[in-house]
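Proteins get letters first, then strands, A, B, ... in listed order; numbering begins at 1 in each.
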Number of protein chains: 2
Amino acid sequence: MNTFTEENYLKAIYHISLQSGSVSTNQIAASLNTKAASVTDMLKKLAEKELINYTKYQGVTLTTAGEKIAICIIRKHRLWEYFLVEKLNFKWDEVHDVAEELEHIASKELIDRLDDFMGHPKYDPHGDPIPDSDGQFKTHELKPVSTLTVNESGIISGVRDHSSAFLQYLERMQLIIGKKIKVTEINNYDHSVILQVENKKTHISREVANNLLIVL
Amino acid sequence: MNTFTEENYLKAIYHISLQSGSVSTNQIAASLNTKAASVTDMLKKLAEKELINYTKYQGVTLTTAGEKIAICIIRKHRLWEYFLVEKLNFKWDEVHDVAEELEHIASKELIDRLDDFMGHPKYDPHGDPIPDSDGQFKTHELKPVSTLTVNESGIISGVRDHSSAFLQYLERMQLIIGKKIKVTEINNYDHSVILQVENKKTHISREVANNLLIVL
DNA sequence: TAATAAATTTAGATTAGTCTAAAATATTAT
DNA sequence: ATAATATTTTAGACTAATCTAAATTTATTA
């Protein structure tokens, strides 16, 4: 088996590669709050175990084996987040750190039973898809609110920023997963957006519109 | 905070001291499957942190601070065991190893909410008491079946051996927590015991009778 | 009570993960 | 194309936890 640290590196590489394809040493260091030198050491170790493809100075990609582990960790993370919110009444901005610990509990039996217990949820509390026990998952077609034009509408289905500051802001604004929104106005000057949410109007900045995701 | 390893040492010291008062280096080494030399190193570290009272060659006891941590770990272990059995349908002989991992999740909030979720259970699946969030707990007066005389009866309420072999044996024999038993015969030669359990008679060895605990 | 045995501690090494500072390589901009 | 800059790697050191082997202390027993 792999150490917590190895698992965290694989997960970080997976997440970064979803956005930028190949992954650099510095990106990993930034994402894990560590130093580039430490990352290099770990990359050698992971390459030795054939969990990543690594050539000096050229960045890394996950091997099939490495990706499988990364997805397994993500499955665990998201199932635990779902559990914490749905069963233990945590708020969606409070669960990340605890799930970071829980995701490293090894037992596959545990996570599959937890999945059963909760009825095989497809999305976690932030709208991210939960891989099934074979690592399969489907993301719905998500678009930032900022890509909508006036009169277009959609259903809030995810976030691009998972920080608790952002999540708390959304909760305060009642911009919650599952709610239907409609763009009623876009400010030409600062690109801020006015939304119709149920019977209220809500004004959000371009930055918020960029980080709030909907399905049409 | 303390490392997993430190927590495991404190827990081991706590458990051993319940049975034998003061705790020796070798007892700890045996209990943690490690070597006496490693234990000595850790004892110095724990003494440095004032979690144990330690004088060279004289064995150790927990300080108040150390005991508090040990009880907190035990609370977590037992609550998770309860969760695994009651909510996720694990068998009572399957939960120990997973709980050994789960008990090291730091969040106090998590464990208190888990406790709420399950309705503040007082005993874990093996009959061991679950400390409350202040570390308080009461053990019921447990006696081994082997201390009963003919015609005495009691309710199965705990075990002294937590090995899965023993737990599986008890399950197969339907000697399950909560069941009422009555001693109908004691064999003078090998001290084996015949029990009346519901409408069946069950014959158990002295060793089993020693490790099976009842309340009167 | 001295000799032997058992338990414990010290000394010195090892592994995993991390770090800083310096060296090597890659990228960019003139 | 080459100098300047940025990125990455290496070298060497540190901490936590472990180990074996040797030394020391305590306990036992003859």
Side-chain angles (χ1 to χ4, degrees), chain A residues 1-14 16-17 19-62 66 69-70 73 100-101 103-106, chain B residues 1-14 16-17 19-62 66 69-70 73 100-101 103-106:
Chain A
M1 246 293 91
N2 309 288
T3 63
F4 284 20
T5 312
E6 287 170 345
E7 291 184 347
N8 282 333
Y9 272 88
L10 293 172
K11 185 173 56 134
I13 294 166
Y14 181 85
I16 297 165
S17 67
Q19 301 184 319
S20 53
S22 174
V23 177
S24 74
T25 301
N26 266 357
Q27 282 177 302
I28 298 169
S31 147
L32 295 175
N33 280 305
T34 184
K35 295 296 150 74
S38 310
V39 174
T40 300
D41 288 344
M42 181 56 86
L43 295 183
K44 285 186 203 158
K45 190 174 159 197
L46 294 173
E48 184 62 38
K49 289 187 161 196
E50 303 195 36
L51 298 174
I52 60 173
N53 306 112
Y54 171 57
T55 32
K56 272 206 222 179
Y57 295 104
Q58 299 311 135
V60 296
T61 56
L62 292 174
I69 294 168
I73 307 292
E100 288 283 295
E101 293 189 60
E103 74 190 8
H104 299 292
I105 306 292
Chain B
M1 247 290 93
N2 309 290
T3 64
F4 284 20
T5 311
E6 288 169 346
E7 292 183 347
N8 283 333
Y9 272 86
L10 294 173
K11 186 174 54 135
I13 294 166
Y14 181 84
I16 297 165
S17 67
Q19 302 185 318
S20 52
S22 175
V23 177
S24 75
T25 301
N26 267 358
Q27 282 177 303
I28 298 169
S31 147
L32 294 175
N33 279 305
T34 185
K35 296 295 148 76
S38 311
V39 174
T40 300
D41 287 345
M42 182 57 85
L43 294 183
K44 284 186 205 159
K45 193 175 157 197
L46 293 173
E48 183 62 38
K49 288 186 162 197
E50 303 194 37
L51 299 174
I52 60 173
N53 306 113
Y54 171 56
T55 33
K56 273 207 224 179
Y57 296 103
Q58 300 310 136
V60 296
T61 56
L62 293 174
I69 293 168
I73 308 291
E100 288 284 295
E101 293 190 59
E103 73 190 9
H104 299 292
I105 305 293

Could you run down the sub-3.5 Å N/O contacts of the protein with nucleotides 5-13 of chain D?
from: D/dT8; atom 1: OP2; to: A/Asn26; atom 2: N; distance (Å): 2.8
from: D/dT8; atom 1: OP2; to: A/Asn26; atom 2: OD1; distance (Å): 3.4
from: D/dT8; atom 1: OP2; to: A/Asn26; atom 2: ND2; distance (Å): 3.2
from: D/dT9; atom 1: OP1; to: A/Tyr54; atom 2: OH; distance (Å): 2.4
from: D/dT9; atom 1: OP1; to: A/Tyr57; atom 2: N; distance (Å): 2.8
from: D/dT9; atom 1: OP2; to: A/Thr25; atom 2: OG1; distance (Å): 2.9
from: D/dT9; atom 1: OP2; to: A/Thr40; atom 2: OG1; distance (Å): 2.9
from: D/dT9; atom 1: OP2; to: A/Tyr54; atom 2: OH; distance (Å): 3.4
from: D/dT9; atom 1: O4'; to: A/Tyr57; atom 2: OH; distance (Å): 3.4
from: D/dT10; atom 1: OP1; to: A/Lys56; atom 2: NZ; distance (Å): 2.8
from: D/dT10; atom 1: OP2; to: A/Lys44; atom 2: NZ; distance (Å): 2.8

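- Within the 3.5 Å criterion, the main-chain N or O of A/Ala106 finds a donor-acceptor partner in the side chain of B/Glu101.
- Remark: A/Asn2 CG to A/Leu46 CG distance equals 8.0 Å, nearest 0.5 Å.
- Atom NZ of A/Lys35 is separated from atom C1' of D/dT15 by 16 Å (rounded to the nearest Å).
- Ring planes of B/Phe4 and B/His104: parallel class, angle under 30° (limits at 30 and 60°).
- When the P atom of D/dC19 is taken as reference, atom CG of B/Leu32 falls 10 Å away, rounded to whole Å.
- Between the side chain of B/Thr34 and the main chain of B/Ala30, no donor-acceptor pair closer than 3.5 Å is present.
- Residues from residues 3-13 of chain B that place a heavy atom under 4.0 Å from any atom of DNA chain C: there are none.
- Using a 4.0 Å cut-off between charged side-chain N and carboxylate O, B/Glu6 and B/Lys11 make no salt bridge.
- Here D/dA16 presents its C1' atom at 15 Å from CD of B/Glu48, a figure rounded to the nearest Å.
- Regarding B/Met42, its CE atom lies at a distance of 14 Å from the P atom of C/dT9, rounded to whole Å.
- Here the OH atom belonging to A/Tyr9 is positioned 5.5 Å from the CG atom belonging to A/Leu32, to the nearest 0.5 angstrom.
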Practice task
Could you give me the CA-CA distance, side-chain angles and deciding distance for B/Val60 and B/Ser22, then say whether side-chain contact (heavy atoms from CB on, under 4.5 Å) is met?
Solution key: CA-CA 6 Å; B/Val60 296; B/Ser22 175; over 6 Å; no
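- Under a 3.5 Å cut-off, the side chain of A/Thr55 and the backbone N or O of A/Gln58 do not form any donor-acceptor pair.
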